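Before I ask anything, let me first share the structure, which is written out below as structure tokens.
Keep in mind it's a predicted model, so treat the numbers as computed, not measured.
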Amino acid sequence: WASREEYMSGDVMTKLAQAQAGALTDPRLQANVTELEKVQPPPKTPETFEAPFGATWVPVDVYERFLRSVGHTQSVTVKMANSEARTRFYIDGWGGSHEFMPQGANYAEWAAEALNNELPVVRSKSEDGKTEYVNQGLTEQRRESLKQLREQWATWWKNDDKAAETLTGIYNALMNREASREFDGSRIVIPGANPALQWRPWQKNVVWRVLQAGNTLVAHAVGAGKTYAGIAIAGEWKRLGLARKPMIVVPNHLVEQWR
């Protein structure tokens, strides 16, 4: 079994699909379906998420349409190859031009650098042709041009109806699947605590969260009661056998607050 807050969080889209499949043969699971439908993440729209240039979940044909459109050429083809080390894009084609492309650059090679998020280094030869050095000016120029192409992509796919529909559907199916867990400590009792203490809801919630999840950042504002919550957590760890000797580490100037 699992607690309600655990079951109603995490990959709730998969849990809903499992519950729907199970309800076909066991009507009791319809209650699970009803509750899981309430916590499904709202669908994202193009304005609420990003699809970085070079993201491997973006279909290569969408990249091809973009590069053909902005490069004024229909010869560009994009392929993606996977290896143990990384995923890499390869672009074939001839011709092509772009307002941001450095003079003398090859369009396919230049676009591939942007798609693979590379940081190219441009080298030049000395006047006598005997030595080679890094040309800082041309290097910065090329890197800036790649940045501009990536920024153009960020605008293009959101304004292209077909690309926006495709990427939004993929993003919602692959990434927009989870619901955050809500830790409800309203039912917990803290034995040994001073009965005069009036526990605030967020204090009980954080005690319950630490007991369930372990490491937790308690980013409460000053005066919200973190000290009492920390003491309660240490006490509960000890009482429940989760820690043999809980210790609280504080700066020297705050020791008196814990006496």
* Asked: From Glu64 CD over to Ser75 OG, what is the distance, rounded to the nearest 0.5 angstrom?
  ->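 Rounded to the nearest 0.5 Å, the CD-OG separation comes out at 10.5 Å.
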* To do: Enter the distance from Trp199:CH2 to Ile188:CD1 here, rounded to the nearest 0.5 Å.
  =>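 Those atoms lie 8.5 Å apart.
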* Side-chain heavy atoms of Thr168 within contact of Thr45, under 4.5 Å ->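 When only atoms from C-beta onward are counted, Thr45 and Thr168 do not touch, as no gap falls below 4.5 Å.
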* Asked: Parallel, tilted or perpendicular: which fits the ring planes of Trp57 and Phe49, with parallel below 30° and perpendicular above 60°?
  -> tilted
* Structure fact -> Closest non-hydrogen atoms of Thr73 and Gly96, given as atom of the first, atom of the second and distance, are CG2-CA, 3.8 Å
* Count the heavy atoms of every other residue, nucleotide or ligand shown that sit under 6.0 Å from CZ of Phe100, and state whether that count exceeds 12. => yes
* Asked: When rounded to the nearest 0.5 angstrom, what distance separates CD in Glu151 from CG in Leu146?
  ->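 The distance works out to 11.0 Å.
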* Asked: Do side-chain atoms of Asn116 reach the backbone of Glu118 as a donor and acceptor pair under 3.5 angstrom?
  -> no
* Are Val60 and Val70 joined in one hydrophobic group, where the rule is that I, L, V, M, F, W and Y side chains link up if heavy atoms are under 4.5 Å apart? ->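 Yes, because Val60 and Val70 connect within a single hydrophobic cluster, where side-chain heavy atoms sit under 4.5 Å apart.
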* Output yes when Arg209 and Glu182 qualify as a salt bridge under the 4.0 Å nitrogen-oxygen rule, no when they do not. =>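 Salt bridge: no.
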* **Point-to-point distance, once rounded to the nearest 0.5 Å, from CD of Gln203 to CD1 of Ile231** => 10.5 Å
* Asked: Under 4.0 Å between a Lys/Arg side-chain N and an Asp/Glu carboxylate O for Lys38 and Glu35?
  ->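 A salt bridge links Lys38 with Glu35.
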* Shared hydrophobic cluster for Val207 and Trp202 (ILVMFWY, side-chain gaps under 4.5 Å) -> no
* Sort and list the pairs that fulfil side chain to side chain donor-acceptor pair (under 3.5 Å) and have at least one residue in residues 129-142, not counting sequence neighbours. =>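 Those involving residues 129-142 are Glu113-Arg142, Ser124-Asn135, Ser126-Thr131.
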* Nearest heavy-atom neighbours spanning Ala111 and Leu149 -> CA-CD2, 4.2 Å
* How about Arg177 and Thr14: does a side-chain donor come under 3.5 Å of a side-chain acceptor? -> yes
* To do: Please lay out, stage by stage, how Phe183 and Val210 fare under the test side chain to side chain contact (heavy atoms under 4.5 Å, CB included).
  => CA-CA 9 Å; Phe183 293 88; Val210 173; over 6 Å; no
* Can you check whether Lys44 reaches Met175 side chain to side chain, under 4.5 Å on heavy atoms? ->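 A side-chain contact under 4.5 Å is absent here.
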* To do: Kindly say whether Val76 contributes a backbone atom to a donor-acceptor pair with the side chain of Arg68 at under 3.5 angstrom?
  => yes
* Determine whether more than 12 heavy atoms belonging to other residues, nucleotides or ligands lie under 6.0 Å from atom CG of Asn82. => yes
* Flag, side chain of Thr216 to backbone of Gly214, donor-acceptor distance under 3.5 Å ->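 Between the backbone of Gly214 and the side chain of Thr216 there is a qualifying donor-acceptor contact (under 3.5 Å).
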* **Reported CD-to-CG distance for the pair Glu50 and Leu167, which is rounded to 0.5 angstrom** =>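 Atom-to-atom, Glu50:CD and Leu167:CG are 11.0 Å apart.
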* For residues His98 and Gln152, determine if any side-chain heavy atom of one lies less than 4.5 Å from a side-chain heavy atom of the other. => yes
* Is there side-chain contact between Pro42 and Thr48, with heavy atoms separated by less than 4.5 Å? -> no
* Structure fact -> In terms of heavy-atom contacts, Ile248 and Gly230 come closest through CD1-O, 4.0 Å
* **Same apolar cluster (I L V M F W Y, side chains within < 4.5 Å links), Leu119/Leu138** => no
* To do: Kindly check if the number of other-residue, nucleotide or ligand heavy atoms within 6.0 Å of CZ (Arg187) is above 12?
  => no
* Asked: Are Met13 and Tyr7 co-members of a hydrophobic cluster defined by side-chain heavy atoms under 4.5 Å apart?
  ->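 Per the 4.5 Å side-chain linkage, Tyr7 and Met13 are not co-clustered.
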* Asked: Does the gap between the ring centers of Trp156 and Tyr63 come in under 6.0 Å?
  -> no
* Asked: Do other residues, nucleotides or ligands put more than 12 heavy atoms under 6.0 Å from Asn215 CG?
  ->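 Counting neighbours around CG of Asn215, 12 or fewer heavy atoms of other residues, nucleotides or ligands fall under 6.0 Å, so no.
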* To do: Output, in order, the C-alpha distance, side-chain angles, deciding distance and verdict of side chain to side chain contact (heavy atoms under 4.5 Å, CB included) for Asp11 and Lys15.
  => CA-CA 7 Å; Asp11 186 357; Lys15 292 177 181 179; 5.7 Å; no
* Structure fact -> So CZ of Arg150 and OG1 of Thr155: to nearest 0.5 Å the spacing works out to 14.5 Å
* More than 12 heavy atoms from other groups under 6.0 Å of CD on Glu165 -> no
* So, Glu5 versus Ser3: side-chain donor-acceptor pair below 3.5 Å or not? ->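 The answer is no; no qualifying pair exists.
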* Asked: So does Trp208 have more than 12 non-hydrogen atoms from other groups sitting under 6.0 Å from CH2?
  -> no
* For Ala19 and Leu29, which heavy atoms make the closest approach, and how far apart are they? -> O-CB, 4.1 Å
* **is_close_aromatic(Trp153, Phe66), centroid dist under 6.0 Å** => yes
* Asked: Step by step, would you call Ile233 with Leu211 a side chain to side chain contact (heavy atoms under 4.5 Å, CB included)?
  -> CA-CA 7 Å; Ile233 291 167; Leu211 292 177; 5.5 Å; no
* Decide yes or no on side chain to side chain contact (heavy atoms under 4.5 Å, CB included) for Thr77 and Tyr90, but give the supporting numbers first. => CA-CA 8 Å; Thr77 58; Tyr90 295 91; over 6 Å; no
* To do: Could you tell me whether a side-chain N or O of Lys226 sits under 3.5 Å from a main-chain N or O of Ala221, the two making a donor and an acceptor?
  =>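 Yes; judged by distance alone, with no hydrogens or angles, the pair exists.
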* Do you know the tightest heavy-atom contact between Glu236 and Pro191? ->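 Closest pair (atom of Glu236, atom of Pro191, distance): OE2-CD, 3.6 Å.
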* Under a 4.0 Å N-O cut-off, is there an ion pair linking Asp160 with Arg65? ->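 Looking at Asp160 and Arg65, the cut-off is met.
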* Taking all non-hydrogen atoms of both residues, which atom of Thr166 and which atom of Pro59 are closest, and how far apart? ->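 Scanning both residues completely, I find the closest heavy atoms to be CG2-CG, 4.3 Å.
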* Is Val122 close to Pro102 at the side-chain level, that is, under 4.5 Å between some pair of heavy atoms? -> no
* Asked: Does some side-chain heavy atom of Asn106 sit less than 4.5 Å from a side-chain heavy atom of Trp94?
  -> no
* Is a side-chain N or O of Lys79 found less than 3.5 angstrom from the main chain of Ile91, in a donor-acceptor match? ->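 It does not hold such a pair.
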* To do: Decide yes or no for Val58 and Phe53: does some side-chain heavy atom of the first lie under 4.5 Å from some side-chain heavy atom of the second?
  => no
* Report yes if the side chains of Trp157 and Pro46 come closer than 4.5 Å at any heavy-atom pair, otherwise no. =>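 A side-chain contact exists here, since the closest heavy-atom pair is under 4.5 Å.
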